[in-house]
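Here's the structure, in C-alpha cells; my notes come after.
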Amino acid sequence: MLKKQFLKKRTLQIAAPVVAVSFFAATHMTVAHADTMSTYTVQAGDTLWKISQAYHISLASLEAANPQVTPRDMLIGTVLNLPVSSRTSSSIVANTNQINSSSSPTANADYSEATYNSNLYWLAHLISAEAQGTPLNAQIAVGDVVWNRMKNPDYPNTAYGVIFQKTNGYAQFTCTTNGFIYQTPVASAWTAAEDVLDNHENLVPNAYVFYNPSKTASNSWVWDQPTIEQIGPFIFAQ
C-alpha cells in the first residue's frame with residue numbers, strides 16, 4: 001500500500017564472504033567482444049542491468065535467458081547466457097547514482113535515455129511488487145500515481161526518488177521495506193510501466209495515493225483522502 005507524501009539496485013555475492021556492491025556506485029565496466037562469445041562471466045560490481053546496457057539488450061531478455069540466476073545474489077564467476085549474436089566491445093560508466101538521486105523540485109520530466117531506462121526499471125519493479133496479478137489497467141494506474149508525483153514539484157522527479165522517498169522516517173511504499181521491490185518484475189509490469197512512460201494517457205489524474213480497501217485498516221488516514229477512481233482492487237485518491 002502507498003503511504004502519503006511524497007521511472008537497479010542489487011548486490012553481488014562472492015562465494016565465501018558476502019561483498020555488497022551498490023549498483024549506483026560510479027563504477028567502470030568493460031565487456032568483451034560478443035563476436036567470439038555468447039556468454040558473459042560475472043565480475044565484481046556487475047548487475048544484470050549494467051550488463052544488458054553494455055550489450056544493448058533488454059533486461060527482460062537477459063533475465064529470460066538466465067532463469068537459473070537470482071539477480072540479487074549473483075556469484076562472481078557466474079556464466080550468463082547473452083541473447084545476442086554480435087556486439088562490439090563497449091565500456092560504460094554507471095552514472096545512475098546522479099540520475100536516481102535527483103529530486104530537485106524545479107527539474108522537469110524531460111530526460112535522457114539513461115534516465116528513461118532507470119525510470120522504466122524502477123517503475124516496473126514497483127508495479128510488479130504492488131499490483132501483480134491485478135488487471136493491466138490497475139497496474140498502469142499504479143504507475144500513474146508514481147508519474148503524477150514525478151510531475152509534481154513537491155515530490156522527487158524520478159521514479160527512484162518517488163519510490164524510495166521517506167517522510168518523517170516512513171517509507172512511501174511498503175515494498176521498499178519488505179524487499180519485494182527487488183524481485184524480478186512480471187511481464188505485465190514491464191508493459192504497464194512502458195505505457196505510463198510512453199503514452200501518458202493518465203488513468204487517474206491527480207491521484208497521489210492508492211490502496212486496497214480490503215487490506216487497509218479502518219483507521220488509516222487514506223480513507224479520508226478524496227477518491228478519484230476505483231480500478232481493480234485499488235482505490236485511487238488525492
Side-chain angles (χ1 to χ4, degrees), residues 1-10 22-24 49 59 95-132 134 137-183 185 189-212 216 220-222 225-226 228-229 231 234-238:
M1 185 188 76
L2 172 66
K3 297 179 181 177
K4 193 174 183 182
Q5 253 290 43
F6 16 104
L7 249 273
K8 299 170 176 162
K9 189 172 184 180
R10 295 173 177 175
S22 173
F23 170 76
F24 300 114
W49 175 253
L59 176 62
N95 61 357
T96 52
N97 184 47
Q98 179 180 358
I99 293 169
N100 289 329
S101 62
S102 172
S103 59
S104 170
T106 59
N108 58 42
D110 296 330
Y111 40 71
S112 66
E113 181 180 356
T115 308
Y116 174 89
N117 288 338
S118 175
N119 285 337
L120 178 64
Y121 175 88
W122 286 116
L123 194 57
H125 278 70
L126 182 282
I127 292 170
S128 185
E130 295 283 350
Q132 64 175 279
T134 65
N137 62 342
Q139 295 183 51
I140 293 172
V142 166
D144 284 336
V145 169
V146 177
W147 176 258
N148 290 341
R149 290 188 171 204
M150 288 167 60
K151 297 289 286 183
N152 189 315
D154 292 335
Y155 302 101
N157 68 337
T158 65
Y160 178 87
V162 167
I163 292 167
F164 287 92
Q165 185 184 24
K166 290 186 176 181
T167 301
N168 297 323
Y170 293 97
Q172 300 300 292
F173 297 89
T174 54
C175 64
T176 64
T177 58
N178 62 23
F180 290 172
I181 188 70
Y182 300 111
Q183 294 183 355
W190 289 106
T191 300
E194 289 175 347
D195 186 277
V196 171
L197 296 179
D198 295 343
N199 297 331
H200 306 311
E201 295 178 2
N202 203 325
L203 300 181
V204 284
N206 301 316
Y208 298 100
V209 172
F210 70 89
Y211 60 96
N212 186 330
T216 303
S220 173
W221 60 268
V222 296
Q225 303 306 114
I228 291 176
E229 185 73 68
I231 303 177
F234 302 118
I235 291 178
F236 295 85
Q238 292 182 355

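For this chain, numbers begin at 1 and follow the sequence in order. Excluded from the calculations below are hydrogen atoms, water molecules and symmetry mates; all remaining heavy atoms, backbone and side chain alike, are included.
- Looking at V145 and V209, their side chains never come closer than 4.5 Å, going by heavy atoms from C-beta outward.
- Between the side chain of Q238 and the backbone N or O of N206, no donor-acceptor pair lies under 3.5 Å.
- In terms of heavy atoms, A124 sits closest to A193 at N-CB, 3.7 Å.
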#### Entry: Stepwise side-chain contact (heavy atoms from CB on, under 4.5 Å) test for Y208 and Q225
CA-CA 10 Å; Y208 298 100; Q225 303 306 114; over 6 Å; no
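- Annotation: the span from N117 atom CG to L197 atom CG amounts to 10.0 Å, rounded to 0.5 Å.
- Taking CD from E130 and CZ from F210, the interatomic distance works out to 4.5 Å, rounded to the nearest 0.5 Å.
- Interatomic distance, CD of Q139 versus CG of L126, reported as 11.0 Å (0.5 Å rounding).
- Minimum heavy-atom separation, T177 to A171: CG2-CB, 3.6 Å.
- Here the closest heavy-atom approach between residue L203 and residue N137 is recorded as CD1-O, 3.4 Å.
- Side chain of S128 to main chain of H125: no donor-acceptor pair is present (N/O by atom type, distance under 3.5 Å, no hydrogens or angles).
- When atom types are taken as modelled, the side chain of N148 and the backbone of V204 share a donor-acceptor pair closer than 3.5 angstrom.
- Every residue two or more places apart in sequence or in another chain that forms a side chain to side chain donor-acceptor pair (under 3.5 Å) with D198 is listed here: Y116.
- Taking the six-membered ring where the residue is Trp, W122 and Y182 present perpendicular rings, their angle passing 60° and hence far from 30°.
- For the atom pair L120 CG and W190 CH2, the distance stands at 5.5 Å (nearest 0.5 Å).
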### Query
What do the steps show when you test F164 against I181 for side-chain contact (heavy atoms from CB on, under 4.5 Å), and what is the final call?
CA-CA 10 Å; F164 287 92; I181 188 70; 4.1 Å; yes
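- Considering every non-hydrogen atom in both V162 and P156, the closest pair reads CG2-O, 3.4 Å.
- Smallest separation of non-hydrogen atoms from A138 and F236: O-CZ, 4.0 Å.
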### Message
side-chain contact (heavy atoms from CB on, under 4.5 Å) for L59 and Y121? Distances and angles first, verdict last.
### Response
CA-CA 9 Å; L59 176 62; Y121 175 88; 3.4 Å; yes
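- Atoms CD and CZ, from Q165 and F173 in turn, are 9.5 Å apart once rounded to the nearest 0.5 Å.
- If you take CG on D144 and NE2 on H200, they are separated by 10.5 Å, rounding to the nearest 0.5 Å.
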